[in-house]
Each structure stands twice: as C-alpha cells, then as structure tokens.
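Inspection log for the structure reproduced underneath, given as structure tokens.
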Amino acid sequence: MRRNTLLEAQPYPVEQALKKLGANLRTARLRRHLTITDVAEKIGTGPRAVSDAERGKASTGIAVYAALLWAYDLLRAFEDLADPLKDEYGLALASRHDRVRARRGRGLDNDF
C-alpha cells in the first residue's frame with residue numbers, strides 16, 4: 001500500500017493556507033464563546049477532529065473543515081471556492097479555444 005506523500009509533506013503554500021484556515025476557525029470559535037467540545041457535538045464529530053482542523057492538519061477531512069464553517073455560519077465563502085466564473089486563468093484558457101466562426105450544421109433543415 002502506497003502512503004500519501006501529500007499528507008507527510010505538502011507544498012509550502014498549501015501548508016500555510018491550511019494553518020491560516022485553522023487559525024481562522026479557532027478565532028471564529030473563540031469569538032462565539034464555544035468550546036471545542038461544544039463545536040464537536042454540533043457537527044457530530046470528536047474534539048480531536050476539531051482540534052486537528054484548528055491546527056491546520058492536512059489529514060483532517062474536508063468534511064470537518066466544511067462542517068466547522070457551517071457551524072460558524074461561514075459556509076458561503078466555502079461555496080465560492082473554485083467558482084468557474086471567478087477563475088480568471090481558466091477563463092483566459094477557455095477563451096483561446098472558443099470558436100471564431102459558426103458553421104452551418106449538417107443534417108438538419110427547416111422541413112417539418
């Protein structure tokens with residue numbers, strides 16, 4: 001069985017983003033005067049999963065991160081992640097492959 005090397009050594013920007021997300025989740029919890037146990041019960045997991053998410057551990061499932069955002073009423077921002085309409089680079093690539101002219105379709109006519 002192969003080990004997932006991403007869990008052992010993430011690219012530095014990924015590691016930093018997870019740590020920042022974890023710190024933000026911790027701040028959100030503390031501002032709401034909730035304990036780790038309170039939040040764990042609300043989202044249906046154990047305190048360790050919440051603690052791991054707040055530390056930005058890569059092995060923590062995305063469902064835990066999403067549930068924590070839901071618990072703090074912050075899920076809307078998560079829904080906008082990777083929005084194809086906000087992907088400037090992807091849109092630029094797609095526009096390079098757009099048709100320049102329309103072609104008349106074959107096999108269809110106006111006879112009904």
Side-chain angles (χ1 to χ4, degrees):
M1 186 165 121
R2 291 182 50 179
R3 289 192 54 84
N4 187 343
T5 57
L6 182 61
L7 295 179
E8 296 170 5
Q10 308 84 45
Y12 183 74
V14 172
E15 179 184 3
Q16 293 307 302
L18 286 172
K19 285 185 179 187
K20 182 166 179 34
L21 175 58
N24 291 347
L25 290 170
R26 183 179 182 337
T27 299
R29 177 178 59 79
L30 293 174
R31 284 182 175 169
R32 288 160 177 75
H33 305 287
L34 298 169
T35 67
I36 287 178
T37 304
D38 293 337
V39 176
E41 288 176 7
K42 181 173 183 173
I43 67 171
T45 192
R48 177 146 190 177
V50 175
S51 179
D52 286 350
E54 289 186 358
R55 286 186 279 141
K57 287 188 71 174
S59 60
T60 303
I62 194 166
V64 174
Y65 286 106
L68 288 171
L69 290 167
W70 166 78
Y72 306 140
D73 198 28
L74 299 171
L75 192 59
R76 181 72 183 158
F78 183 76
E79 293 170 351
D80 289 339
L81 288 176
D83 183 344
L85 298 176
K86 296 178 183 176
D87 178 10
E88 293 177 18
Y89 183 68
L91 289 170
L93 289 173
S95 71
R96 289 179 30 195
H97 299 293
D98 284 345
R99 289 186 169 180
V100 177
R101 60 188 168 148
R103 297 179 191 248
R104 175 175 260 183
R106 296 182 209 164
L108 296 178
D109 55 35
N110 290 332
D111 292 335
F112 290 96

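Between the side chain of R31 and the backbone N or O of T27 there is no donor-acceptor pair closer than 3.5 Å.
Of the residues L25, N24, I43, V64, the one that meets the side chain to side chain contact (heavy atoms under 4.5 Å, CB included) test with L69 is L25.
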Starting from the C-alpha separation in whole Å, work towards a yes-or-no answer on side-chain contact (heavy atoms from CB on, under 4.5 Å) for T45 and V39. CA-CA 9 Å; T45 192; V39 176; over 6 Å; no
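The heavy-atom pair separating P47 from T37 by the smallest distance is CG-OG1, 4.4 Å. Between A28 and L74, the closest heavy-atom pair is CB-CD1, 4.2 Å.
Pairs of residues two or more places apart, or lying in two chains, that qualify as salt bridge (charged side-chain N to carboxylate O under 4.0 Å, His left out) and include a residue from residues 72-87 are R76-E79, D80-K86.
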Atom pairs and distances, side-chain donor-acceptor, residues 54-61, under 3.5 Å, sequence neighbours left out:
| residue | atom | partner | partner atom | Å |
| --- | --- | --- | --- | --- |
| E54 | OE1 | R29 | NH2 | 3.1 |
| E54 | OE2 | R29 | NE | 2.6 |
| R55 | NH2 | D52 | OD1 | 2.4 |
| T60 | OG1 | K57 | O | 3.4 |

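Note that CH2 of W70 and NZ of K42 are 5.0 Å apart. Values are rounded to the nearest 0.5 Å.
No more than 12 heavy-atom neighbours from other residues, nucleotides or ligands sit within 6.0 angstrom of CD1 on I62.
Note on L21 and L30: separate hydrophobic clusters, where clusters join Ile, Leu, Val, Met, Phe, Trp and Tyr whose side-chain heavy atoms are under 4.5 Å apart, directly or indirectly. No chain of hydrophobic side-chain contacts below 4.5 Å, direct or via other Ile, Leu, Val, Met, Phe, Trp or Tyr residues, connects L91 to L81. L68 and F78 fall within the same hydrophobic cluster, where Ile, Leu, Val, Met, Phe, Trp and Tyr residues are linked whenever their side-chain heavy atoms come under 4.5 Å apart, directly or through other members.
The salt bridge (Lys or Arg N to Asp or Glu O under 4.0 Å) test applied to E15 returns K19, not counting sequence neighbours.
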